[in-house]
There are 2 protein chains.
Amino acid sequence: MSTDAKLRPDPAAAEHDEPDVERRIYRTIFDSVMNQRLTPGARLPETQLCELFGVSRAVVRRVLQRLAHDHIVELRPNRGAIVAIPTPEETRQIFEARQGLEAALVRLATRNGTPEDFADMRRHLREEHEAMHRFDQPSWARLASAFHLRLAAVARNPILEAFLNEIVTRCSLIVALYQPWGNASCEHDEHARIVERMEAGDAEGAIRLMHEHLVVLERNVCLKRADAEPSLKQRLGLA
Amino acid sequence: MSTDAKLRPDPAAAEHDEPDVERRIYRTIFDSVMNQRLTPGARLPETQLCELFGVSRAVVRRVLQRLAHDHIVELRPNRGAIVAIPTPEETRQIFEARQGLEAALVRLATRNGTPEDFADMRRHLREEHEAMHRFDQPSWARLASAFHLRLAAVARNPILEAFLNEIVTRCSLIVALYQPWGNASCEHDEHARIVERMEAGDAEGAIRLMHEHLVVLERNVCLKRADAEPSLKQRLGLA
DNA sequence: GGAGGGCGGATTGTGCACAATATGGCACAT
DNA sequence: ATGTGCCATATTGTGCACAATCCGCCCTCC
């Protein structure tokens, strides 16, 4: 009796988790990239992924293709997949795009956010604040990104939300490349002030704060960009 | 020896255009959707596509998956692919997202556009104008969309450009669904005025004009949305 | 006559085997 | 000793065959 999902003679515990396993693999790789266990340039051989997740190559290929479309991995023909390596030029474009997207999202979130939404965001800010004071860098980095995603959710537009999700993901890649130690710029206050302006209905003020916040973010990356040593060695962290 | 460019009976002219043929199939389906030769709900059986393009199912599947990621087709498990059918709610979201995106793009295009860019756009506007006066509805629809894509290109941000490309594509799907006859709202002047404001360096003015232009566009669709029932019948008939 | 169940055709999902291609090491010539 | 070309190996790309699933149809039963 194998626990392998493919070999299940039992029709009661039906197998409709086939799309689920695909999502699981995607999330695993995605989270590994976010947590910097998989750094830009890391190779992702199909065969290894197959035996690691116990699926066939067709499944792995679909997942890799989705990741490639989301610009998380790069598919090099006949040479395999690697975790994407954003170039400096792409970095500039990503931050520029993010400025435009976040402005639109702040405007919508100010219009559509309910008091519960803002209360939720404040609760989120407290977590973020605590993580920062605990010097819990991984949690803090995740929460700091989550703030922007939460804001996008409050805007009530799944399309723009998906766009920002992709952009934030790529920003995390950039941080992994150009800022591997992750110095915690104390952006908590900036987040808090943005929420405050939004709750007051001052969309333009919130947009201005967000703009400045993102400028600071980009500058932090740019400063480190000079000493970007491609650490293309010692990867393969998933076991 | 077929005159059909898609069939490649000649083995001598070796096949190293494998990434190219994939892009060609994508573009063919994409353009067909844009030209409304493929209307929402149309089925896309893998086998037929295989023999039409003379490729194997693996290739067709990759193309269909890319189209699905771009929200041009919908992949229903075990039931095949169909051209995507935007819902009214999605329509609202798409136009809302488009407002935000185009505002950002107009701002960037105003900043980054060269005199040559604007001259090019004016040339484009003349074509558009002529097509409209020729009552050449297919050309006009294509050119009207192309104006917005051209503007996105002038903004010099490939990421936002790609986002707008996806949005405009989905808008074309919506027009195909809710506005099948395609009444030519004479938006030429609106386009022209936007270019004029951008060339004058007045980003905010151009953004306001673009906003109003898009409002008109959406209202044209909304007005027709009430009597969209015949399309629903078609949807059921094809599905 | 209507409803439910079973059946056949068609289409997609998956695994496997083989071909094509790139990479790295090795031998050889200079 | 160094540069060059070739070959072995690993990895990806592709086609094929079979299994699973779904839809529409028809037959049977109530």
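In this text the structure is predicted, and so the values were computed from the model without any measurement. Lettering of chains follows the sequences in order, A, B, ..., and the numbering in each one begins at 1.
- A sub-4.0 Å separation between OP1 or OP2 of dG13(D) and a side-chain N or O of Arg62(B) is absent.
- At whole-Å resolution of the value, CG in Leu64(A) and C1' in dT11(D) are 13 Å apart.
- Between the CZ atom of Arg79(A) and the C1' atom of dA20(C) there is a distance of 16 Å, rounded to whole Å.
- Side chain of Arg156(B) to main chain of Val154(B): a donor-acceptor pair is present (N/O by atom type, distance under 3.5 Å, no hydrogens or angles).
- Here dA20(C) presents its C1' atom at 7 Å from CG of Asn78(A), a figure rounded to the nearest Å.
- Summarising the geometry, the separation between CG on Leu49(B) and C1' on dT11(C) is reported as 12 Å, rounded to the nearest angstrom.
- Across the protein-nucleic acid pair, Arg61(A) atom CZ and dG13(C) atom P stand 16 Å apart, rounded to whole Å.
- One can place CG of Leu44(A) at 14 Å from C1' of dT12(D), the figure rounded to the nearest angstrom.
- Between the side chains of Glu96(A) and Asn157(B), at least one donor N or O sits under 3.5 Å from an acceptor N or O.
- Rounded to a whole Å, the CZ atom of Arg57(B) is 11 Å from the C1' atom of dG15(D).
- If you check dT11(C), dG13(C), dG15(C) against the side chain of Arg43(B), the one that comes closest is dT11(C).
- Glu116(A) and Thr114(A) are linked by a side-chain donor-acceptor pair at a separation below 3.5 angstrom, with hydrogens and angles left out of the test.
- Of the candidates dT12(C), dT14(D), dG15(D), the closest approach to any side-chain atom of Ser56(B) belongs to dG15(D).
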From CA spacing to verdict: side-chain hydrogen bond (donor to acceptor under 3.5 Å, both in side chains), Asp31(B), Tyr26(B)
CA-CA 8 Å; Asp31(B) 292 341; Tyr26(B) 182 97; over 6 Å; no
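- The CG atom of Leu75(A) sits 10 Å away from the P atom of dT12(D) (whole-angstrom rounding).
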